[in-house]
Amino acid sequence: MSDFKSNNAIIQWIEYRLPIFSFIDHSVGSKYPAPRNLSYWWNFGSLAGLALVIMIATGIVLAMQYTPHVTMAFDSVERIMRDVNYGWMLRYIHMNGASFFFIVVYIHLFRGLYYGSYKAPRELLWMIGVVILLAMMATAFMGYVLPWGQMSFWAAKVITNLFSAIPLVGETIVTWLWGGFTVGNPTLNRFYALHYLLPFVIVGLVIIHIWALHRFGSNNPLGIDVKGPQDTIPFHPYYTVKDLYGMGVYLIAFAAVVFFAPNSLGEPINYVEANPLVTPAHIVPEWYFLPYYAILRSITFDIWFIPAKLIGVIMMFGSILILLVLPWLDRSPVRSARFRPLYRQFFWILVVDCIVLGWVGANPPEPPYIYIGQVATAYYFAHFIIILPLLSVLERPRPLPASISEPVLKGGGAALGATANPMEKA
Amino acid sequence: MAESANPAPSRDGETRRDFLILAAGGLGAIGTAVAVWPLIDSMNPSADVLALASTEVDLTPVEEGMAITVMWRGNPVFIRHRTPADIEAARAVPLEELPDPEPDEARAKKPEWLIMIGVCTHLGCVPKGQKPGDPKGDYNGWFCPCHGSHYDTAGRIRKGPAPKNLVIPPYEYLTETLVRIG
C-alpha cells in the first residue's frame with residue numbers, strides 16, 4: 001500500500017502508522033477498478049448502505065425517547081410525535097426509511113437475478129446478501145412491534161406463533177420467545193434489545209459482503225469478466241460521483257414520502273393501542289412482507305402426516321432460503337439475461353409473480369385470492385426448482401461480446417478501434 | 001523439531017497430544033454450552049410471570065346464552081353459558097367428522113359452562129363470537145377472522161386452517177358458581 005501519495009503532512013504521518021487512507025483508496029477510491037459499463041441498476045448497493053446509515057442514525061436518537069414497557073410504549077411514541085423536538089420527523093424518517101430500505105434492497109436483489117450476479121465466482125457474495133436480507137427482515141419485524149399498536153401486537157402474536165408449528169418442541173420454543181404465556185412485556189423488552197443489536201450485526205455482514213465483492217469486483221450488464229485495464233475505470237471519481245447522483249435522486253423521492261405522505265405505506269389501525277383481547281378484523285403485515293404472507297396462507301391442506309400450518313411455515317422461509325442455493329440451480333454459464341432470450345422472459349414472469357403474491361397477501365384469505373395465491377406460490381418455487389435447471393440445458397444463449405470495451409471502442413471509429421486492439425491483447 | 005518434542009507415535013500416527021487436544025476441546029465445548037444455558041434460560045418465563053397463574057370468576061351474573069371473557073396469564077378465556085340447544089348440537093356430531101376428535105363431555109366439567117382459552121390454535125388470534133353481534137361461524141360457535149377457522153358450540157375446530165380444538169385451561173369449581181382457572 002505504499003503507492004498512496006499525499007502532500008498533506010498529517011495524512012502522511014497517519015498513513016505511515018495506520019495505512020487507512022490507502023485502504024480507503026483501494027476500497028472505494030482511485031485504486032479500485034470497476035467495470036466501465038455499470039448502469040444505474042448498480043447504484044442500489046450504495047443506496048442500501050445509505051438507507052442503513054439513515055436507519056441507525058435516526059434509530060439511536062429515537063431510542064433515547066422511547067420506553068419499552070407495555071403500559072408506556074404507545075404513549076412514548078405519541079410523545080415523540082407531539083412533544084419531542086423534530087420527533088415527528090425522526091420517526092417518519094425511521095418508519096418510511098424501513099420501506100425505502102426494502103425497496104432499494106429488492107431492486108438490488110432483482111438486479112442480481114437479471115444479470116446473473118450470483119454465479120461463479122460470486123456465490124458467497126450472493127449468499128451473504130441473502131443472510132443480510134434475513135437479518136433485515138428480523139430487524140424490521142421487531143421494530144414494527146415497538147410502537148405497541150394493534151397491528152404491532154397482533155403481528156408479533158401471529159409471527160411468533162409460526163414457531164408453534166415445529167413438531168414436539170414448538171410450544172416450548174414459543175413460550176421461550178415470549179418469556180411468558182402470550183406476547184407481553186418480556187416480549188417487548190427483548191424485541192427492543194434485539195432491534196437495537198441487529199442493525200450492527202447487519203453492518204458487520206455488509207462489511208463481509210463488500211469484502212467478498214472486492215475479491216472479483218462488480219458484475220456488469222454484459223455479465224462477462226473484465227479482461228484487462230481497458231475494461232475498467234477507477235471507482236473514484238467515476239462511480240463515487242454516480243453513486244452520489246443516485247443518492248440525490250433517492251433522497252428526493254424519500255423526502256417526498258416522509259413529508260407529504262408519511263402514513264401512506266402504514267396501517268391506520270396501528271395508531272390504536274395494543275389490545276390483547278381484540279384481534280383486528282383484517283391482519284396484514286407491512287407491504288414488504290406481503291408476498292411471504294401470501295405463501296404462508298396459500299397452504300390450506302395437509303400433505304400426508306404433515307399439517308398445513310407446518311408446510312406453510314416451511315414454504316414461507318423456504319421462499320428466501322431457496323435463494324441460497326440459486327447459484328447451483330441455475331447452471332447456465334452465461335450470466336447476463338441480455339444474452340439469455342428465454343431466461344429474460346421467465347425473469348419478468350417471476351417479477352410479476354412476486355407482485356401477484358404481494359397483492360394476494362394484502363387481501364383476505366378467501367376465494368378467489370386463495371386460489372390465485374396457490375398458483376402464484378407453486379409458480380414461484382417452480383421457477384427456481386424446475387424452470388432454471390431446465391433452461392440451463394435447453395436455452396441457446398446469444399453470442400457474447402469479446403470484451404466490455406470492444407463494443408464501445410470499436411463503435412467509436414476506425415482510429416479508436418486501432419488503438420484499442422493492442423490493449424485488448426494485453 | 002516437532003518430532004523431538006513429541007513422544008513416539010503409538011500407532012497410526014496418533015499421539016498423546018492428539019488425545020489431549022480432543023479432550024481439552026471437548027471439555028471446552030461442554031463448558032461453553034453450560035455457560036450459555038443461563039443466558040438462554042433467562043428468556044424463559046420468570047418467577048413473577050409464573051406466579052400470576054390463577055384467576056377466580058363468579059359465574060352468577062352470566063345468564064343462559066350469555067358469554068363473558070376474562071384474562072388468565074395474559075390470554076382471554078371464553079366462558080359461555082350454553083343453552084340446551086348448544087349442548088345438543090355439540091353432542092349430535094359424530095366424532096369421525098371432527099378434525100380433532102373429542103366428545104363434548106370431555107370439553108366441559110358442567111355441560112352448561114364451556115370454559116376455554118380464547119386463542120385460535122392456528123396462529124394465536126382471538127376468535128369472534130363472544131359478543132351478541134359477532135359472527136359465530138358456520139357452526140354457531142366461534143369464528144377466527146385472521147385466517148377463517150370455524151369452531152362449533154363445544155369450541156372444536158370444524159373448518160379452516162387451525163389444527164386443534166380451542167384449549168381447555170385447568171379449572172375447578174370452588175362453589176356452585178365460583179370457578180378458579182389455573
Side-chain angles (χ1 to χ4, degrees), chain A residues 70 153-165 167 170-187 189-191 193-194 275-284 293 296-302 306-313 364-367 369-370, chain B residues 37 39-55 68-78 99-100 117-131 133-135 142-150 157 159-164 167 169-170 181-182:
Chain A
V70 289
F153 180 89
W154 290 101
K157 186 118 195 223
V158 168
I159 300 300
T160 50
N161 253 307
L162 294 179
F163 292 91
S164 70
E171 295 295 332
T172 315
I173 288 178
V174 171
T175 305
W176 175 73
L177 285 174
W178 287 340
F181 303 104
T182 181
V183 172
N185 200 48
T187 326
N189 268 293
R190 63 191 57 185
F191 277 20
L194 293 173
N275 181 351
L277 292 180
V278 179
T279 307
H282 185 40
I283 293 189
V284 280
Y293 195 55
L296 169 75
R297 297 189 307 180
S298 72
I299 309 298
T300 52
F301 42 84
D302 299 354
I306 312 171
K309 184 167 141 184
L310 180 58
I311 302 169
V313 172
E366 55 198 38
Y369 307 111
I370 194 105
Chain B
W37 174 247
L39 305 180
I40 294 171
D41 193 37
S42 75
M43 289 171 69
N44 270 319
S46 53
D48 63 316
V49 171
L50 292 170
L52 298 169
S54 71
T55 182
I68 57 165
T69 305
V70 297
M71 288 285 269
W72 176 62
R73 301 202 308 194
N75 282 311
V77 169
F78 292 170
D100 181 14
I117 297 177
V119 174
C120 182
T121 57
H122 181 228
L123 290 174
C125 298
V126 177
K128 300 265 176 204
Q130 285 292 90
K131 296 200 181 114
D134 278 357
W142 289 264
F143 170 70
C144 183
C146 290
H147 306 95
S149 291
H150 299 255
I157 180 65
K159 195 168 107 182
K164 297 277 178 197
V167 174
I181 300 164

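As the structure is a computational prediction, the values presented were derived from the model and not from experiment.
Considering only heavy-atom pairs separated by less than 4.5 Å from chain A, the leading option among B:V126, B:V119, B:T121 is B:V126. In terms of heavy-atom pairs under 4.5 Å with chain B, the best-connected choice from A:I283, A:I159, A:L277 is A:L277. If you tally non-hydrogen atom pairs under 4.5 Å between each of B:P76, B:G124, B:P145, B:P161 and chain A, the highest count goes to B:G124. Residue with the most contacts toward chain A among B:C125, B:C144, B:P163, B:G160: B:C125 (heavy-atom pairs, distance under 4.5 Å).
In terms of heavy atoms, B:K128 sits closest to A:V278 at NZ-CG1, 4.5 Å. When all heavy atoms of A:P276 and B:G74 are compared, the closest pair comes out as CB-O, 4.2 Å.
Rounding to the nearest 0.5 angstrom, the gap separating the CD1 atom in A:I370 from the NE2 atom in B:H147 is 9.0 Å.
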Would you mind writing out the side-chain donor-acceptor pairs for residues 178-186 of chain A within the sub-3.5 Å range, not counting sequence neighbours?
from   : atom 1 : to     : atom 2 : distance (Å)
A:W178 : NE1    : A:T160 : OG1    : 2.8
A:T182 : OG1    : A:K157 : NZ     : 3.3
A:T182 : OG1    : B:N75  : OD1    : 3.3
A:N185 : OD1    : A:V70  : N      : 3.0

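There is no contact between A:P307 and chain B, counting heavy-atom distances below 4.5 Å. Proximity to chain B (any heavy atom under 4.5 Å) is restricted, for A:L296, to the side chain, taken from C-beta onward. Heavy atoms of A:W176 lying under 4.5 Å from chain B belong to its backbone as well as its side chain.
Without hydrogens or angle criteria, A:K309 side chain to B:H122 main chain gives a donor-acceptor distance under 3.5 Å.
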